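As the structure is a computational prediction, the values presented were derived from the model and not from experiment. Sequence lines set the chain letters: A, B, ... in the order given, protein chains first and strands last, and positions in each chain run from 1.
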Amino acid sequence: MWTWFHKLSSPKWFYQISGRWLPWIACAAVLFLTAGLIMALAYAPADYQQGNSFRIMYIHVPSAILAQSCYMMMAVAGGIVLIWRIKLAEMALKCIAPFGASITFLALVTGGIWGYPTWGTWWVWDARGTSMLILLFLYFGVIALQSAISTASGAARAGSLLALVGLVNIPIIKYSVEWWNTLHQPATFKLTEKPSMPVEMWSPLLVMVIAFYLVFGVVLILRLRNEILEREHKTNWVRKLIETPIESSTTSVEKTSATKRGA
Amino acid sequence: MNAVHKKRLIIVIVGVAVFSAAAALVLYALNENINLFYSPTQVAEGEAPVNKRIRVGGMVAEGSVEREPDSLKIQFTVTDYENSLIVHYDRVLPDLFREGQGIVATGKLDDKGRFQASEVLAKHDENYMPPEVSDMLKKQGANASEAAPKL
């Protein structure tokens, strides 16, 4: 298991394998996103109470789920950085944070747009909304801390520490609607119970959630590959990669990075 | 995994655990302040301050909505199925406002135990269904909102 762990943590190995995965994940992302949007807009029936405005859920819920998953992944990467000092985890930490911040922002904005017609207000300081806003600030904190420190490994360690400290916010977001009175409704989906939503409403949601994860995968791989090329530009394999003419299998990102380095 | 890694792993785990415990204690201590609103039962038990801006939440009791014909003035009862509270309001209500709907009202509790609201927000529950299903449930005598009187 440890040899696998070390193999996975080698930037060169990751660069090569992710190049092969990328087109497949990208295709799947486009496919799921298109299917999910069509299902959400055309196939799902309107809600008995909220009418069509409930459809914003198909963006709001996946982005809120992904915002929290991203944070957990970032914290796990942070733990690996602090314990094993693995370079690839340092890069992952740096690459996840901006995407996490954007998706959290998307969840907050779509929540406001949904809230206005249903609740009658854009924003209310209830436990769910506030803890989500704190999540956004945690992401900003990780980004700011990393860009404030000039050495790459020092920046990663500082960011990791904040990412781990902020981990406590995740269960607070999850259970805020159960522990306290909030304007936000409790969870529709629970592991132990049947969802309080018919199948034609939750199936588009499931597709959209998978689509969002795939988009995250694509963005993470693209960002990581760029980061690897930048951090490893002095190693032999990257030099070789830049000097050899670009093969047909390489992606546009490689091309731009390669030309940047070459110039 | 060598000794150094093991030591760091333990430090990270203990650190996260201690910090989580501290956060849990803080949240427990602030419990009352994090709640967005008081329930009618809390108001009846005298937990809510009088003449201070507070929020009250509950279901709009069936058959309790009384409107004045030539103004926006409205009076209704908010209930948590144990206690209830009369709410006065004179502004625009959200679309989702109806009998049996969960709401959160901001305003002041007056000396007579009535609630003078300055803002009423609708709270929707975790149940979603197409209109046909809701109609069917109503016909069966089990109104959607009665089936899950949760707030």
Does some side-chain heavy atom of Thr188(A) sit less than 4.5 Å from a side-chain heavy atom of Tyr128(B)?
yes
What do the steps show when you test Gln49(A) against Met129(B) for side-chain contact (heavy atoms from CB on, under 4.5 Å), and what is the final call?
CA-CA 8 Å; Gln49(A) 205 172 39; Met129(B) 59 184 104; over 6 Å; no
Greatest number of non-hydrogen atom pairs under 4.5 angstrom with chain B, of Leu82(A), Asn169(A), Thr130(A), falls to Leu82(A)
Please classify the contact of Ile172(A) with chain B as side chain, backbone, both or neither, using a heavy-atom distance under 4.5 Å.
side chain
Is there any ring-ring contact (aromatic ring centres under 6.0 Å, His included) pair reaching into residues 182-207 of chain A, and which pairs are they, with sequence neighbours excluded?
none
When you look at CZ of Phe97(B), are more than 12 heavy atoms from neighbouring residues, nucleotides or ligands closer to it than 6.0 Å?
yes
Working to the nearest 0.5 angstrom, can you tell me the gap between Ile10(B) CD1 and Ile83(A) CD1?
10.0 Å
Summary of ring-ring contact (aromatic ring centres under 6.0 Å, His included) pairs that have at least one residue in residues 61-83 of chain A, sequence neighbours excluded:
Tyr71(A)-Tyr139(A)
Residues 63-74 of chain B vs side-chain hydrogen bond (donor to acceptor under 3.5 Å, both in side chains), sequence neighbours excluded, gives Glu68(B)-Ser71(B)
Please state whether the side chain, the backbone, both or neither of Val124(A) comes within less than 4.5 Å of a heavy atom of chain B.
side chain
Take Asn127(B) and Met197(A), measure what side-chain contact (heavy atoms from CB on, under 4.5 Å) needs, and give me the verdict at the end.
CA-CA 6 Å; Asn127(B) 299 302; Met197(A) 183 186 274; over 6 Å; no
Testing the basics here: between Pro186(A) and Glu126(B), what is the closest heavy-atom pair and its distance to 0.1 Å?
O-CB, 3.2 Å
Are any non-hydrogen side-chain atoms of Gln50(A) and Leu96(B) less than 4.5 angstrom apart?
yes
Heavy atoms under 4.5 Å from chain B: which residues of residues 107-120 of chain A carry them?
Trp114(A), Pro117(A), Thr118(A), Trp119(A), Gly120(A)
In short, Arg8(B) meets Arg85(A) closest at the heavy-atom pair NH2-NH1, 3.3 Å
So what's closer than 4.5 Å to chain B heavy atoms on Ala187(A): side chain, backbone, both or neither?
backbone
